[in-house]
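For reference, the structure discussed in these notes is given below.
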Amino acid sequence: MEKLIKSATVLDPHLIKNDFPVFKRRVNGKPLIYLDNAATSQKPESVINSIDNYYRNHNSNIHRGVHTLSYESTVMYEEAHKKVAEFIGAEDWRNIIFTRNATESINLLAYGWGLHNLKEGDEILITIMEHHSNIVPWQMLRDLKGIKINVLGVDEKGNLKLDDLPGLLSERTKLVSVIHASNVLGTVNPVKYITQEAKKVGALVLIDAAQSIPHLSIDVNDIGCDFLVASGHKMLGPTGIGFIYGRTELLQDMEPFMYGGDMIEKVTIEKTTWNELPWKFEAGTPNIVGGIGLGVAVDYLQNIGLTNIYNHEEELLVYALEKMAEYDWIKIYGHKSDSQSVGVISFNIEGIHPHDVAGMLDEQGIAVRSGHHCAQPLMRELSMDFAARVSFYLYNTKEEIDLCIETLKKIKKLFE
Amino acid sequence: MEKLIKSATVLDPHLIKNDFPVFKRRVNGKPLIYLDNAATSQKPESVINSIDNYYRNHNSNIHRGVHTLSYESTVMYEEAHKKVAEFIGAEDWRNIIFTRNATESINLLAYGWGLHNLKEGDEILITIMEHHSNIVPWQMLRDLKGIKINVLGVDEKGNLKLDDLPGLLSERTKLVSVIHASNVLGTVNPVKYITQEAKKVGALVLIDAAQSIPHLSIDVNDIGCDFLVASGHKMLGPTGIGFIYGRTELLQDMEPFMYGGDMIEKVTIEKTTWNELPWKFEAGTPNIVGGIGLGVAVDYLQNIGLTNIYNHEEELLVYALEKMAEYDWIKIYGHKSDSQSVGVISFNIEGIHPHDVAGMLDEQGIAVRSGHHCAQPLMRELSMDFAARVSFYLYNTKEEIDLCIETLKKIKKLFE
Amino acid sequence: MESDNLEFILDHFKNPRNYGTIEDADFSYEEGIPSCGDVIRLDLRIKNNKLDDIKFSGTGCAISQASVSILTESVEGMEVSKVLSFTDNDMLEALGGQVSPIRFKCALLGLTVLKKALIEKKSAP
Amino acid sequence: MESDNLEFILDHFKNPRNYGTIEDADFSYEEGIPSCGDVIRLDLRIKNNKLDDIKFSGTGCAISQASVSILTESVEGMEVSKVLSFTDNDMLEALGGQVSPIRFKCALLGLTVLKKALIEKKSAP
Ligand SMILES: Cc1ncc(COP(=O)(O)O)c(C=O)c1O
Ligand SMILES: Cc1ncc(COP(=O)(O)O)c(C=O)c1O
């Protein structure tokens, strides 16, 4: 009975695969085994169909007229904001700004908030674990405005050195911008705790949820953050769509980022006034179909349930880590403490360049990533520079992990 | 014989309609008549299918790994840059940067070029005919950098006052940014001449081709411009994709706009170096499917032939203008000289708000736009403030124009 | 829109009821939708917590202008508290229930302005 | 990749030919692909317009390192002008024609570096 209840809430990745047309694809004659989910996720039939349906039946520009297609498009696009808002527990859909991706989201904040609000001597705190997209925009501001970037380090286990946090915060700290889940190590950082500490010195808090939101249930009010950003393409949505959640007062006070149509209220050559939220930050014709598709992706995720997804991935992760630990020639980065983690494992095989590992896995239809994972400072810190990475999602299975590890063994043998 | 040759090169909009699935749609029980093409275009089956195909068979992140899907995505996405480059006569695909839309394109240049290169006292020349997206970004720079914005006016016919051009140019003029075809009046501006004049004082030239590129054959080398921008969604492509063409030296010298993954070469916390063109300007995961779809849209346009498209629209335009001229209660803006024009007609009906005109046309399945068309300074200059607008594309027919005018007559009658 | 409903609305547009200003108005309020160019100005007089007199002026599309005209007829003499609980749906019904959702914004402008006016008045000293 | 072709490549990776440096090299050249971490350094000696001696060192994936090894064997003793007309296709054929397009960048790195070196040398005073 207990088992029955348990299995009723656990998802069946074999059934879920049926929702994802890409798995009909064969790669090098083999069924596709897709373990590159931290780079981007595959898309369910419902998301693909929503795009198709939009272009076949509703395609039009939004906000720009009083004809039926335009009205339908506007409603569908606004509705997508609502779905994302509910998904992360935001009070109102106007707190959601659609962007191209997490990268644009952070840049929007760097320009719209940072460029106009920061001054020489102000400080920003990031961590060494950040993705490049949460490092380089702040360097731009550092060079333009003379601010200082402080960096919270990691220990040898791959956890943030939280003991150093208070010492890095002061009333000069205007923003703490932290990666929620590492795209290299999988580590989930205690963002709620970090937010509380940041609030003590009055800093704003930005959470980069690109790698967490596809896998964990998120509530912005529970975290207490001021901004949260993510990418649609990593959470079953289309390419070209991402978003920012921001608190109302902050978004209202912020300067716009891009300027043009739709974000204005009134334009004269002398002076322009801004439109209301969120349009103030969505200049020009947006990626309408991207937004609508993201809304459908959120529907899909909620239908399956984030807890189920997390539990399934946890099971895969534990399974894979145990299996990989059997071979001492596989070096795994991170995963050394009991901190919470998403299904990402970066590893190297002694004496074999990760490109060769990935390339030879690909010949068996297994897609993994190899490279610096857009996190060079972290990689350098952990002396890894380059690594192979497997990352799981709801459609992955233990059989796929088995096949991957079997192939790793063959590769190792070939190089001996 | 002559007739035969002519008709062989003229396109048949009835046949073309078959390529666009949206025309199976009925609106308020009537077949859709879509005359809102200046806002956005409909999409041919081939574009819709390319998106579907991408997600079903190739979906992956680009540049980021050595597995098959990633390789295919990268090649397809680069290929799309090539198609756009060839379409506008650019030397190399690396001169094409993909953005979200024309608005982002102009903002990229305002930030990447303007913010770092302009200084107090410098001047920029635009025209009163500009879309908001070619006005408001420069106002931002004016407020940040103390530059001056000069404005070339229009005469009562709706043509640029070219006689005033030399007087507005000086060695202080760093950029001349001009709309190629007006989204309100349809007027096609003599951008080649304007470019030549601008070059005399050493100014850079940016062409906003959002309304011209869907309808006219464009060659950036013939125009001689430094930058050219447009939106994919107005030229049969997906939403969420646009581009910049830029000359190599300029793009190389420019600072990036957004910062993050893919646009970097090497990142340390201290210092970051940039990737090569065009990636330096495409930070984060791009709208991959948008780029691929745009490439297919360009294929479609080239297959039909831009000359055929232009001739067809010219025929519709002349036909519509003649018909509308029969009714003195229809006030048409512009179209008073023999300057070249694309198929855009803004008009008002005496005593009836354009919203009511558009709303009542919609009840007959006819989609037209009403409003300020994101060009408030021009509208104010021409004392029109609000107007209805019909705009044609390759799938429109004379019968549709007849039906539209018949309905206008009924609307007029109702309000009497 | 059914044609008799359309005629009802166009009649109010062409022959607006309660159009004009109130010389001794208790207060006036003006608002619009910039993106449409619609503007509505209301003059109000209140007696014994009732809307004793209401007049409007403005410019805009037929739907927005007819809606205010119809609205003024519906609320004249009504208790202020009742006016405040007059819903969007009530307004749409007063218009004959035939307005397309596309035009709801126009149709509801008058009601929005009226409520804002009353709320502002209330909170004024 | 067919397995005998793979063995051929892995053999060159494990036992690189012409690995090392040339003490009295005419010139050396080093370049890499930062995004992969691959680096190749070439030492060259030219006599009578011929590539008299070539040695390489470097780090990187098996494909890139094996490719340089194979390349050095193919071009040693060749006239400089001939090396310059050695095409990408020639290189891929020398590798057995089995490398996946995905790895072309790795496979062609050595040839690219060699050509850059020779062109730079030529244009040097
Ligand atoms: C002339 C012109 N420029 C720029 C734009 C902005 O295009 P987008 O909204 O796709 O950024 C438009 C679109 O209406 C336009 O007509
Ligand atoms: C933690 C993290 N932040 C940000 C990003 C950037 O996402 P995008 O490329 O969609 O902008 C990524 C993607 O790799 C990521 O893993």
Side-chain angles (χ1 to χ4, degrees), chain A residues 21-22 25 27 36 39-40 42-43 48 51-52 55-57 59-61 64-69 100-101 103-104 107 131-133 135-137 139-140 151 231 233 238-240 258-261 264 267-269 272 283-285 287-290 355 358-359 362 367 369-371 374 376-377, chain B residues 21-22 25 27 36 39-40 42-43 48 51-52 55-57 59-61 64-69 100-101 103-104 107 131-133 135-137 139-140 151 231 233 238-240 258-261 264 267-269 272 283-285 287-290 355 358-359 362 367 369-371 374 376-377:
Chain A
V22 79
R25 165 81 197 254
V27 168
D36 193 18
T40 200
Q42 295 301 334
K43 319 303 172 204
I48 303 175
I51 297 171
D52 203 75
Y55 286 131
R56 285 174 196 277
N57 294 303
N59 176 67
S60 181
N61 214 319
R64 300 200 174 176
V66 290
H67 62 79
T68 299
L69 297 189
R100 179 174 33 249
N101 49 30
T103 303
E104 184 185 0
N107 278 274
H131 187 275
H132 292 160
S133 59
I135 301 173
V136 198
Q139 295 179 325
M140 178 265 301
V151 183
S231 282
H233 68 91
T239 65
M258 295 206 221
Y259 299 81
I264 59 91
V267 175
T268 66
I269 292 292
T272 294
T285 305
N287 186 357
I288 303 169
V289 88
H355 270 21
D362 184 59
R369 172 122 127 89
S370 76
C374 295
Q376 291 177 354
Chain B
V22 79
R25 164 82 197 255
V27 168
D36 193 19
T40 199
Q42 295 301 335
K43 319 303 174 203
I48 302 174
I51 297 171
D52 203 74
Y55 285 130
R56 284 174 195 278
N57 294 302
N59 176 67
S60 180
N61 214 321
R64 299 203 176 173
V66 291
H67 61 80
T68 300
L69 297 189
R100 177 172 35 249
N101 49 29
T103 303
E104 184 185 0
N107 278 275
H131 187 274
H132 292 161
S133 60
I135 301 174
V136 198
Q139 294 179 326
M140 177 266 300
V151 183
S231 281
H233 68 91
T239 64
M258 295 205 219
Y259 299 81
I264 59 91
V267 175
T268 67
I269 293 290
T272 295
T285 305
N287 186 354
I288 303 170
V289 88
H355 270 22
D362 183 59
R369 170 118 127 90
S370 76
C374 295
Q376 291 177 352

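Excluded from the calculations below are hydrogen atoms, water molecules and symmetry mates; all remaining heavy atoms, backbone and side chain alike, are included. As the structure is a computational prediction, the values presented were derived from the model and not from experiment. Here is how names work: the chains are called A, B, and so on, in the same order as the sequence lines, proteins then strands, and each is numbered from 1.
Within the 4.5 Å cutoff, the side chain of V66(B) has no heavy atoms near those of the D362(A) side chain. Looking at K43(B) and P21(B), their side chains never come closer than 4.5 Å, going by heavy atoms from C-beta outward. Looking at heavy atoms from C-beta onward, P238(A) lies out of side-chain contact with V289(B) at the 4.5 angstrom threshold. At least one side-chain heavy atom of T68(B) sits less than 4.5 Å from a side-chain heavy atom of R25(A).
Atom CG of D52(A) is separated from atom CG of D52(B) by 5.0 Å, given to the nearest 0.5 angstrom.
One side chain, T285(A) or H233(B), offers a donor N or O that lies under 3.5 Å from an acceptor on the other. Inspection of the H355(A) and S370(A) side chains reveals an N or O donor paired with an N or O acceptor under 3.5 Å. Side-chain contact of S231(B) with N101(B): a donor-acceptor pair under 3.5 Å is absent, judged by distance alone.
The part of I264(B) that comes within reach of chain A is its side chain, from C-beta onward, which places non-hydrogen atoms under 4.5 angstrom from that chain. Heavy-atom distances place the side chain of N107(A), and not its backbone, under 4.5 Å from chain B. Proximity to chain B involves both the backbone and the side chain of N59(A), based on heavy atoms less than 4.5 angstrom apart. If you measure heavy-atom distances from I269(A) to chain B, the contacts under 4.5 Å come from both the backbone and the side chain. Heavy-atom distances place the side chain of V151(A), and not its backbone, under 4.5 Å from chain B. Looking at I51(A), only its side chain comes within 4.5 Å of chain B, counting heavy atoms on both sides. With a threshold of 4.5 angstrom between heavy atoms, Q139(A) approaches chain B through side-chain atoms but not through N, CA, C or O. Only the side chain of V27(A) comes within contact range of chain B, with heavy atoms under 4.5 Å apart.
Chain A forms the most heavy-atom pairs under 4.5 Å with one residue out of A283(B), A358(B), G290(B), and that residue is A283(B). For the set T268(B), V22(B), V267(B), the entry with the most heavy-atom pairs within less than 4.5 Å of chain A is V267(B). Chain A forms more heavy-atom pairs under 4.5 Å with one residue of M140(B), E104(B), R56(B) than with any other, namely R56(B).
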